[in-house]
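Data first, discussion second: the structure below is written as structure tokens.
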Amino acid sequence: MSHYAIVVDLDRCIGCHGCEIACKNENEVELGSFWNKVVQVGPFGDYPHLHQYFLPVMCQQCDDSPCTHVCPTGASYRDENNVVLVDKEKCIGCKYCMMACPYGVRSWSPSEHVVEKCTLCKERTDRGDEPMCVKCCLAKARIFGDLDDPESEISRVVRERGATVLLPEQGTRPQVHYFN
């Protein structure tokens, strides 16, 4: 068993959207849907001292995931590696999980009539590869690994760089971390 997660270095992300494209291609995400988004934050400040950054947002892999708590059929669940997934065979399309997610990162599949989301590229990670968004990040802004392994790069970065999470006040204990 592992505890897979991603850390994003906001200073390295250049907003190229390569992770979005890699995710869409790898997972055949429908047009208009996103499992992985890059949000431009800013610019803010006063000219000529303007600042902006890019915020990659995907499923936050919450330890206390509201989406799994509200799912009436068990379609939203956590696998043996602590990854939150959707079993499309069990999904009835009620969208409760979409409403419960404080990060707004679940997508509706109009063709399949089910909810979809980032799987951390389960097929890839199950065979020891990185998720495609990590592999294809030109700026090397993403680190993937096992948080339960104290010697892993991701654990070291979270420990040493003071990585933070999005919306900590929600109490969901997200496992996607950010630092700059």
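None of these values were measured; they are calculated from a predicted model. Throughout, residue positions are numbered sequentially from 1 according to the sequence presented.
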Would you give the length of the straight line joining atom SG of C136 to atom CD of E26, rounded to the nearest 0.5 angstrom? 8.5 Å
Report yes or no: does S2 contribute a side-chain atom to a donor-acceptor pair with the main-chain N or O of D146 at less than 3.5 Å? no
Donor-acceptor pair, side chain of T119 and main chain of L85, under 3.5 angstrom: no
Exam field: side chain R106 to backbone A100, donor-acceptor pair closer than 3.5 Å: no
R156: salt bridge (Lys or Arg N to Asp or Glu O under 4.0 Å) partners, not counting sequence neighbours: E160
Main-chain N/O of H69 paired with Y96 side-chain donor or acceptor, under 3.5 Å: no
Rounded to the nearest 0.5 Å, what separation is found between the CZ atom of R142 and the CD1 atom of I154? 11.5 Å
Indicate the atoms forming the closest heavy-atom contact of A5 with Q175, along with that distance. CB-O, 2.9 Å
Let's go through Y53 and N180 carefully: what are the C-alpha distance in whole Å and the side-chain angles of both, what is the deciding distance for side-chain contact (heavy atoms from CB on, under 4.5 Å) to 0.1 Å, and is it a yes or a no? CA-CA 10 Å; Y53 64 94; N180 56 358; over 6 Å; no
Correct closest heavy-atom pair for P174 and Y103 would be CG-OH, 3.4 Å
Any chance you could measure I92, atom CD1, to C71, atom SG, to the nearest 0.5 Å? 7.5 Å
Verify, without hydrogens or angle tests, whether S107 (side chain) and F34 (backbone) share a donor-acceptor contact under 3.5 angstrom. yes
Cationic N near anionic O, under 4.0 Å, K122 to E80: yes
Looking at P102 and P66, what are the two nearest heavy atoms and their distance? CD-CG, 4.0 Å
Return yes if some donor-acceptor pair links the side-chain N/O of E112 with the main-chain N/O of P110 below 3.5 Å, else return no. no
Between C23 and V29 the two heavy atoms that sit nearest each other are O-CG2, 4.0 Å
Testing L147, V165, I143 one by one against V158 for a side chain to side chain contact (heavy atoms under 4.5 Å, CB included), which residue passes? L147
Are T172 and L167 close enough, and set up right, to give a side-chain contact (heavy atoms from CB on, under 4.5 Å), and what steps lead you there? CA-CA 8 Å; T172 62; L167 303 176; over 6 Å; no
Under 3.5 Å, is there a donor-acceptor pair between the N82 and Q61 side chains? no
Nearest-0.5 Å distance, CE of residue M58 to CH2 of residue W35: 13.5 Å
Go through the side-chain N and O atoms of S33 and E116 and say whether any donor and acceptor fall under 3.5 Å apart. no
For residues T68 and R78, is any side-chain donor paired with an opposing acceptor at under 3.5 Å? no
When clusters are formed by joining ILVMFWY residues with side-chain heavy atoms under 4.5 Å apart, either directly or through shared neighbours, do L55 and V8 land in the same one? yes
V105 with L166, same ILVMFWY side-chain cluster at under 4.5 Å: yes
Which heavy atom in V86 sits nearest to a heavy atom in V115, and how many Å separate them? CG1-O, 3.3 Å
Hey, could you give me the NZ/CD distance between K24 and E30, rounded to the nearest 0.5 Å? 8.5 Å
Verdict with reasoning, C118 to N36, per side-chain contact (heavy atoms from CB on, under 4.5 Å): CA-CA 7 Å; C118 168; N36 187 357; over 6 Å; no
Nearest-0.5 Å distance, CG of residue L10 to OG1 of residue T164: 7.5 Å
By ring-ring contact (aromatic ring centres under 6.0 Å, His included) - contacts of F144 (at least two apart): Y4
Audit row: N81, T125, side-chain contact (heavy atoms from CB on, under 4.5 Å) steps and yes/no: CA-CA 10 Å; N81 291 318; T125 55; over 6 Å; no
Can a donor-acceptor pair be found, under 3.5 Å and without considering hydrogens, that links the side chain of R124 to the backbone of E130? yes
Are F54 and L50 linked, directly or through other ILVMFWY residues, by side chains that come within less than 4.5 angstrom of each other? no
